[in-house]
Structure formats: C-alpha cells, structure tokens
Amino acid sequence: MSVAPVSVIICTRNGWSRGFLDDTLQSLLAQSRPAQEILLIDDASSDGTAAYVHAAYPHVTIVHNAGTGLAAARNTGVAAARCPWVAFIDDDDIWLPEKLAEQLAQAEASDTPDAIVYASQVATLNSHGGNPVAWATPRQFAAWPACLLGSPIQPSGVLLSKRLLSRIGPFSEQLKEGAAYDYWIRCLSAGMSIHYSSNVLLHYRQHHPQMTAMSRKLEHFLHIDAMLTPHLARLAPALANTIRSARKLNNLRSLLNHTGIPAATRYWRASAPCPVPGLRTLSYFLLDTVACRAPHRIRHTLRQRAMQLLIGKETPLPGLRPKRSGHLT
C-alpha cells in the first residue's frame, strides 16, 4: 500500500457534536492509498472537537483557526499543507476507498496536472438514512463562462496541486457564501480545466444545518448572485445579461419546486432586475427543464445542448471516461 503524497484538509467547527466527524475520518483512514498528511482545521470549536480528535486520532494534525469562517480555514489549511497535492473534505462527508488512488492515477496520466482540478463524481446521503443516490455530474458548468450558471464541483471531492493553488491564490475571505464556487470560477477563467472521476468517489451528506439547506435557499441564491457580479462584468454586456436572466429563471424554478411560491416571489423582488429573457434564454431554460426530468442516461446530453444554445457556441465540456474494473495501485 503506497502512501499518497496528499495533504487532506478537514475544516470543522463543532464537528464532534454534530455526529458525523468519525465517519469522515474513518473514510480517510480506509483509503487504498492513504494520505501522507491529514490536517484538521478547528475553526474555534466550543464542543471539544480538537481535544477529541487529538485523543482518538493521534496521527491527525490539529491546526487552530480563529473562528473566521470556512474560506479562512481552508486558507489556513493550504498554508500548513506540506504535500504537493491537496484535497478538501467537509466534516460530514465520506470518501470511497479508491478516492485518492483514482484521482492520483488521473494526475499521473496527464501532461499538465498542475492545470487541472480533479473532481469526484458524487452520490448524496440523507442524514435520515437510506442508500446513497447518484447525483448527475454537472459537466454543463465545467467551462468558462458556463460555470456562471452553476457550480461544477463539490469541494469535498477535489484534488488540486499546490502549484495550482499558488497560481490562483487564496479563497476569498470577504464572501459571505460561495467562496469555493468563486474559486472554481477563477480556475476556469484562468484557463484551468476540470477532469471528473470515472466512478462515484464521494458521498455528500445532505441535512438541515448545512449552509445550502432548502430552508434558506432564497438567502443562498442572493449571496451567490452578489458573488457572481464581478465575474459577469468581465463578459460582453449581451452575454452577461443572457446568463443573468438564465440564472434567475433557474433559481426561480428551484425555489418553486423546493420551497414554494412565497420564496420565489421574494427572490423575484429582492434580486437585481434583468432584461426580459430572449428566445435564446427561453430555449435554454425549456430544454434544461426537460433535462432535469429526463432519464439519467440522456440528461447530460440535453443539458450540454441547452448550454450550447445559451452561450451561442460549442462549449467544450468534459465527458465520462469508461469505467475500469479492479483496484488502482
């Protein structure tokens, strides 16, 4: 069993009392290629998280952060990391055993590994139990400027080189939400690319206290809209307005489906005014809505076509590699 030259960064605040931290740490220890370094960034926990991890997992390095938030904690972790590769995981998510092995194999096969963000395919876990549910990989967002329509990556599934992190710079600590999404946008707009894993490598846990829980989708969408403003300003005005209108329609659809008419109405009133959607935007929205309800095997094709209608050009989007059998070494 060869050690992976990876620094794993877990950012937590009161992770022990939330009840999922042991599952996360055990999934790291169960890797077929275990990480050389595991850093737990304790963001001013008040429940004894740091003391518990120090006693139960003595090989995990505890790094204290001053309670300044998730982006700052990630920056603290990157600064402390000693390995050439960095991976993040939230304190309630789970890696499958081949996670690091498969992503490192991808990197070793690449001629430009320092220009690639390696991202996991994802299955979601409900905190109330049940089997993991495969999540449609958002490849339609994995290019610039298509990434302004939605985040292409779950942070807990990434592997990045320290060189890439140095080139792009730190996570923005000024943002109230969406610092990781902002980071992927910065990567793609700087010419980086995203390569997805061939297999599901991350179980992403969904439960109420999360920053993106359904009960606060409205607030989340408004924060993300504000984060995107400077990125949209880099585009030609016509394209920026097209993307802004399409985002607004997508957000309204999500609010109507998950939280109801009152939340959608409040979002419409609180969000910045947009031009009346044109034919291109409406065609995109209709096709993307069909894709949301389409069988999994054709969903990606429909969403890719919808994005090409919106952006107005052939958008290079990463596809799936064939699944491999056996274990990586």
Side-chain angles (χ1 to χ4, degrees), residues 117 119-124 133-154 157 178 181-182 184-185 187-189 192-197 200 204 212 214 217 220-222 224-225 227-229 231-259 264 267-268 271-321:
V117 179
S120 300
Q121 291 199 67
V122 179
T124 57
V133 178
W135 189 24
T137 305
R139 293 178 189 81
Q140 72 273 19
F141 302 138
W144 170 263
C147 56
L148 301 179
L149 269 294
S151 178
I153 297 175
Q154 278 295 336
Y181 180 17
D182 171 75
W184 316 139
I185 293 172
C187 287
L188 291 169
S189 65
M192 307 295 105
S193 61
I194 294 173
H195 287 191
Y196 291 105
S197 62
V200 170
Y204 170 70
T212 51
M214 290 298 177
K217 258 187 174 292
H220 173 70
F221 284 156
L222 292 173
I224 297 301
D225 287 349
M227 178 273 288
L228 290 171
T229 298
H231 296 296
L232 287 164
R234 300 174 56 190
L235 301 176
L239 180 56
N241 285 333
T242 295
I243 291 176
R244 192 177 289 111
S245 296
R247 273 195 62 84
K248 192 165 189 175
L249 289 174
N250 287 347
N251 290 346
L252 287 167
R253 178 181 63 200
S254 180
L255 290 168
L256 285 169
N257 287 340
H258 298 292
T259 58
Y267 175 72
W268 178 268
S271 58
C274 290
V276 176
L279 180 60
R280 175 180 293 177
T281 303
L282 292 174
S283 298
Y284 156 80
F285 178 70
L286 291 173
L287 186 54
D288 190 72
T289 300
V290 170
C292 290
R293 294 160 173 78
H296 195 276
R297 67 182 183 278
I298 63 170
R299 189 176 302 165
H300 167 57
T301 301
L302 292 175
R303 287 196 136 168
Q304 180 176 357
R305 181 56 183 156
M307 188 62 71
Q308 290 166 351
L309 285 172
L310 185 74
I311 302 300
K313 62 181 180 182
E314 290 295 312
T315 306
L317 302 174
L320 270 175
R321 295 182 181 181

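Note that the numbering runs from 1 along the sequence shown for the chain.
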Whether W144 and H231 hold their rings parallel, tilted or perpendicular, with breakpoints at 30° and 60°: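 Ring orientation, 0 to 90° scale: perpendicular.
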Could you measure the distance from the [atom1] atom of [X] to the [atom2] atom of [Y]? Nearest 0.5 Å is fine.
X: L188; Y: I153; atom1: CG; atom2: CD1; result: 7.0 Å
X: L252; Y: F221; atom1: CG; atom2: CZ; result: 9.0 Å
X: L239; Y: L148; atom1: CG; atom2: CG; result: 8.5 Å
X: D288; Y: R253; atom1: CG; atom2: CZ; result: 4.5 Å
X: R247; Y: I224; atom1: CZ; atom2: CD1; result: 7.0 Å
X: C187; Y: D182; atom1: SG; atom2: CG; result: 9.5 Å

Show the nearest heavy-atom pair for residues [X] and [Y], with the distance to one decimal.
X: I243; Y: P145; value: CD1-O, 4.0 Å
X: V200; Y: V122; value: CG1-C, 4.0 Å
X: K248; Y: S271; value: CE-OG, 3.0 Å
X: A136; Y: H296; value: CA-NE2, 3.8 Å
X: S120; Y: G157; value: OG-O, 2.8 Å
X: A306; Y: L287; value: N-CD2, 3.6 Å

Side-chain donor-acceptor contacts of residues 277-285 below 3.5 Å, not counting sequence neighbours, with atom names and distances?
from	atom 1	to	atom 2	distance (Å)
R280	NE	L309	O	3.3
S283	OG	L279	O	2.8
Y284	OH	N250	ND2	2.9

Not counting sequence neighbours, which residues clear side-chain hydrogen bond (donor to acceptor under 3.5 Å, both in side chains) with [X]? List them please.
X: R244; result: N241
X: S151; result: none
X: Y267; result: D225, N251
X: S189; result: R234

Main-chain N/O of Q304 paired to R139 side chain as donor or acceptor, under 3.5 Å: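 Not at all, since once roles are kept as given, no pair shorter than 3.5 Å links the two residues.
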Residues T137, H300; criterion side chain to side chain contact (heavy atoms under 4.5 Å, CB included); working and verdict: CA-CA 8 Å; T137 305; H300 167 57; over 6 Å; no
With A294 via side chain to side chain contact (heavy atoms under 4.5 Å, CB included) - residues at least two apart: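 With sequence neighbours excluded, A294 shows a side chain to side chain contact (heavy atoms under 4.5 Å, CB included) to I298, L302, given in chain and number order.
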Beyond-backbone contact of R303 with C292, side-chain heavy atoms, under 4.5 angstrom: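 Side-chain contact under 4.5 Å: yes.
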Any side-chain heavy-atom pair of V117 and H195 under 4.5 Å: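 Result no, sub-4.5 Å side-chain heavy-atom pair not found.
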